[in-house]
Amino acid sequence: MADPILSVRDLHTYFVADEGVVRAVDGTSFDLHSGRTLGIVGESGCGKSVTAKSILRIVERPGRIVSGQIMLRRQNGSTVDLTTLPTDGRDMRSIRGGEIGLVFQEPMSSLSAFHTIGNQLMEAIRLHTNLSKRAIREQAIELLAMVGIPRPAQRIDSYSFELSGGLRQRVMIAMALAAEPRVLIADEPTTALDVTTQAQILDLIRRLQQERDLAVMLITHDMGVIAEMADDVVVMYLGKEVEKGPVDDIFHAPRHPYTKSLLRSIPSVLAEPRSRLATITGSIPHPFARPGGCPFHPRCPDRHAVCEITVPAEVVIGENHVTACHLYNKVAA
Amino acid sequence: MTVLDVRHLRKHFPLRQGLLGRTSGYVKAVDDVSFSIEAGETLSLVGESGCGKTTTSRCILRAIKPSSGEILFRTANGEKIDVASLDKKQLRPLRRQMQMIFQDPFSSLNPRMTISEIIGEPLLVNGMTGTAERNKRVADLLELVQLPSAYLNRFPHAFSGGQRQRIGIARALALNPSLIVADEPVSALDVSVQAQIVNLMLDLQDRLGLAYLFVAHDLSVVKHVSHRVAVMYVGRIVEIAPTTSLFNTPGHPYTEALLSAVPVPDPRRRAQRIVLEGDVADPSDPPSGCHFHPRCQYATDQCRTETPELREIAPGHSVRCLRAEELSLLGVPTGA
Amino acid sequence: MSATTAESRVAVATQRQLIWWRFRKHKLALVSAFVVLAFYVVAVFADTIAYTEPFDTQASRSYIPPQPIHWFDAAGHFHPTVNALKGTRDPRTFKLAYVPDASEPRDLVLFGHGYEYRLFGIIPTDIHLLGVVNSRPQDALFLLGTDQLGRDVFSRLILASRTSLSIGLIGVVISLVLGVLLGGISGLYGGWIDVVIQRVIEILRSIPTIPLWMGLASAVPNSWTPQQVYFAITLIISLIGWTELARVVRGRFLALREEDFITAAELAGASQMRIIFKHMVPSFLSHIIAAVSLALPAMIISETTLSFLGLGLRPPAISWGVLLQDAQNLQTLALAPWLLVVALPVIVVILAFNFLGDGLRDAADPYG
């Protein structure tokens with residue numbers, strides 16, 4: 001495989017509050033490659049969104065990156081560690097939007113209600129080019145057409161609240177891609193949408209990825225969306241990456257008990273009607289009360305004494321497939 | 001035994017304009033909806049946002065007053081009463097027999113009341129004033145939803161989303177209702193907790209013979225809970241059928257598209273899906289003829305002008321499509 | 001272990017406890033709460049803390065500067081005294097001027113005897129917090145100096161706080177009753193009642209306050225007793241105050257009506273009364289308390305402004321505004337700058353109320 005465009009190494013992002021420290025991201029490493037989609041999946045509090053925010057350096061206070069590296073291969077060929085750049089410096093601003101595009105879950109709150117979508121889109125283009133006003137407008141219309149907005153020449157002058165949820169998310173994608181970034185981070189891009197609209201948006205992301213050879217980082221809680229879209233998958237639980245591997249391995253040969261239980265517990269349209277689901281006992285602990293040792297041990301069907309004390313190290317299972325679980329560590333130890 | 005029989009239910013919201021609030025038209029949120037639910041049965045109402053499924057459920061609970069139609073509810077002593085025609089006072093004795101499970105486990109519990117007060121409230125306001133008797137019943141209800149009775153004096157903020165949803169279910173069960181309307185009861189929960197609540201609802205139904213009206217958008221969850229499914233599109237039921245028939249041999253092109261759009265948690269099944277064009281029609285100005293025709297790949301000229309009726313194409317399987325018999329649509333095979 | 005006990009403590013904590021725990025973290029608000037409390041303690045015991053009859057005029061003693069307290073005697077022992085005042089005639093103007101006489105220290109004592117008053121309006125006594133031993137009339141204490149008529153500024157200030165702080169409190173109570181009643185009706189019933197009440201509020205709020213007050217205050221007859229004027233002014237001030245509270249209450253009712261737990265109570269068959277008093281009112285009580293503590297300083301400012309402009313309370317009544325009126329002209333300020341000291345408690349109490357209100361509002365916001 002070619003060199004990654006973006007590579008995250010041992011990222012730790014903590015939130016220090018009066019009540020204690022929340023280790024939102026606690027040692028995550030992965031690579032993004034051109035033309036490939038990395039899916040990051042996990043339930044609430046697993047740190048998937050904070051990972052994305054860390055890459056873009058937009059973690060809200062009191063959160064901050066405690067350690068780790070985020071190496072970005074820039075368009076001019078140089079490589080930079082994003083954790084060393086000032087959050088609001090010129091470099092980081094040109095990387096956000098310029099080299100890494102971002103799509104959020106809530107298109108309504110990410111688009112301004114006071115400017116037309118065209119103005120916002122043209123602003124995004126203007127920040128990264130120095131074309132004439134007319135050329136920028138033409139490019140904006142072209143972008144709207146590219147993301148499948150009907151009658152783009154008219155729609156460019158409408159406001160975000162005049163559009164449906166699906167169209168708004170298309171506008172968001174157009175904005176994210178306005179500066180032709182090579183990396184696209186999509187944080188739950190379809191969670192607020194209906195299924196048929198979700199299918200449209202996922203289709204669109206896939207098509208744009210092929211056309212532009214984008215490296216996509218797709219963050220979601222929906223295993224179905226991951227199965228549909230991802231080439232590689234990182235499964236996270238309470239800030240820890242518990243398993244990482246090619247999508248087929250994750251779904252057909254999962255190794256970590258959390259991945260296994262999670263896959264068993266998701267409802268499926270293929271299931272027998274009125275069949276009971278396998279469950280994971282208990283619930284996700286409060287972030288301040290994170291269990292010691294392996295964070296999953298209180299809910300794990302295969303736990304051992306060691307799981308309560310020691311944090312499991314990552315074990316290589318197969319090609320590009322690793323898991324952090326003592327079950328596989330024992331053989332080596 | 002039919003618990004609920006909804007006939008020609010309509011809810012039209014007037015569109016008001018101008019300073020004087022002149023009515024300029026109507027949003028037909030629910031437009032001639034009929035279905036029935038048997039004791040011990042789950043009927044799911046599915047569809048995309050704005051299809052009228054939530055309005056339908058709120059009409060049945062009489063949180064909103066329907067514009068027309070009948071909602072025949074079979075009371076505990078066997079009478080059939082039209083809930084749609086009752087006023088607030090007459091409704092109160094019926095309320096206890098129809099309860100609701102809410103979507104948001106956070107806003108559905110009063111943060112200022114303890115668990116025992118929350119679950120005990122329906123008992124208290126319906127005449128069970130003895131504290132000891134009530135506490136006993138609340139403890140039983142907690143056990144029913146598999147929560148330790150030690151939690152009685154805790155406040156909602158001490159519980160996770162899944163636990164709160166159990167508390168909400170316990171409250172709904174307090175008065176022994178025969179019908180429970182569940183409005184997206186698991187969609188706000190984490191995947192690993194969703195399964196627990198789905199299983200709990202199935203168990204409770206088997207034990208107590210409850211009838212569920214399950215309002216949801218997630219077809220995967222729907223498949224795990226329903227006996228029958230009704231699909232709504234722009235205020236109308238377009239298809240209603242037993243779960244297996246609906247998923248295996250859908251009769252309406254919209255159902256086919258919905259099923260096809262659901263992502264399947266298996267990377268080896270990245271099937272060519274049917275991606276619908278455009279958006280859900282505006283219920284204040286729906287398309288002529290069949291509401292679905294502008295997005296339907298099978299539409300003919302006839303679909304643009306003629307409004308299809310809901311017709312039975314197989315036993316218990318009704319479809320609102322002019323071409324229902326001639327089309328052979330793609331479903332999702334069970335267990336494949 | 002300690003984590004789990006802390007957790008279960010939080011689990012059974014009432015909403016009120018949670019609010020208190022969150023409020024406690026606001027150091028500034030906590031300090032402000034004590035400041036506000038201290039002010040009201042002073043207001044309640046005003047007559048005890050004052051040591052000179054506040055209406056006691058003596059033209060010859062006008063504009064005496066503040067008398068410093070000497071805490072230690074020559075030997076270095078703790079022995080608080082003030083110097084007696086000695087009247088001297090200016091040889092050119094023949095005006096009587098008082099200068100402290102260091103040769104004649106007067107002992108200060110706690111709980112000395114002074115003028116007679118009724119504590120809490122009931123118990124007759126003449127005990128005051130501070131007193132001068134064996135005081136002769138000319139040795140009276142003037143900690144903050146005197147005004148033009150030779151009245152003790154300190155004692156007047158203390159008694160003025162009683163008037164100003166109580167006007168604020170009574171004004172807020174009247175506003176609260178009106179606001180909760182009308183806001184509640186507006187939010188609960190909606191429809192045309194809501195429209196009417198909202199329009200009334202908008203009209204009241206669109207009238208510029210000062211001219212409105214001026215108009216109303218000038219309608220108060222001159223012949224009224226200070227007590228009657230006091231209540232009239234309180235009413236005038238709360239006329240505007242209630243609108244804000246009514247909006248808060250209406251907004252909370254509207255928001256709560258949409259809450260699922262209210263729907264759940266309706267479905268359970270709870271009566272309208274139970275829903276209002278068991279579910280809705282407790283849910284916004286803390287918001288009301290916060291709104292009140294933010295409305296109070298506005299009331300106090302209103303009274304001060306009106307009286308300062310000569311439209312509110314009039315002498316012989318004393319309030320902060322009335323006292324500040326004395327400090328209105330430049331000549332007085334040049335001659336007797338200590339008269340401006342009245343502004344200090346106004347500023348302190350207004351700031352304290354604002355910090356307290358902010359703290360309460362933050363703490364009252366529910367989880368999530």
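Letters A, B, ... mirror the listed sequences (proteins, then strands); counts begin at 1. For clarity, every value in this text was computed on a predicted model and none was experimentally measured.
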Next on the checklist: Atom CD of residue position Glu143(B) - does it have more than 12 heavy atoms of other residues, nucleotides or ligands inside 6.0 Å?
Outcome noted: no
Checklist entry - Who wins among Ser108(B), Pro177(B), Pro122(B) for the most heavy-atom pairs under 4.5 Å with chain C? => result Ser108(B)
Checklist entry - Taking the side chain as C-beta and beyond, is there a heavy-atom pair between Arg274(C) and Leu124(B) under 4.5 Å? => result yes
Next on the checklist: So which residue, Asp104(B), Ile115(B), Leu109(B), ends up with the most heavy-atom pairs under 4.5 Å with chain C?
Outcome noted: Leu109(B)
Checklist entry - Using 4.0 Å as the upper bound for N to carboxylate O, is an ion pair formed by Lys278(C) and Glu121(B)? => result no
Checklist entry - Who are the ring pair (Phe, Tyr, Trp, His ring centres under 6.0 Å) partners of Tyr151(B), not counting sequence neighbours? => result Phe159(B)
Checklist entry - Taking everything shown except Lys80(B) itself, do over 12 heavy atoms lie less than 6.0 Å from its NZ? => result yes
Next on the checklist: Using a 6.0 Å cut-off, check whether atom OH of Tyr40(C) has over 12 heavy atoms from anything other than its own residue.
Outcome noted: yes
Checklist entry - Which residues in residues 49-63 of chain B have a heavy atom less than 4.5 Å from any heavy atom of chain C? => result Arg58(B), Leu61(B)
Next on the checklist: Let me confirm one number: the CG-CD1 distance from Asn110(B) to Ile262(C), rounded to the nearest 0.5 Å.
Outcome noted: 6.5 Å
Checklist entry - Say you draw a straight line from CZ of Arg112(B) to CZ of Phe261(C); how long is it, rounded to the nearest 0.5 Å? => result 7.5 Å
Checklist entry - Going from CZ on Phe106(B) to CD on Glu259(C), what distance comes out if it is rounded to the nearest 0.5 angstrom? => result 13.0 Å
Checklist entry - Within residues 265-273 of chain C, which positions have a heavy-atom distance to chain B below 4.5 Å? => result Ala265(C), Glu266(C), Leu267(C), Ala268(C), Gly269(C), Ala270(C), Ser271(C)
Next on the checklist: Going by the rule ring pair (Phe, Tyr, Trp, His ring centres under 6.0 Å), which residues pair with Phe13(B) if we only count those two or more places apart in sequence or in a different chain?
Outcome noted: none
Checklist entry - To the nearest 0.5 Å, what is the distance between CG (Asp183(B)) and OG1 (Thr263(C))? => result 10.5 Å
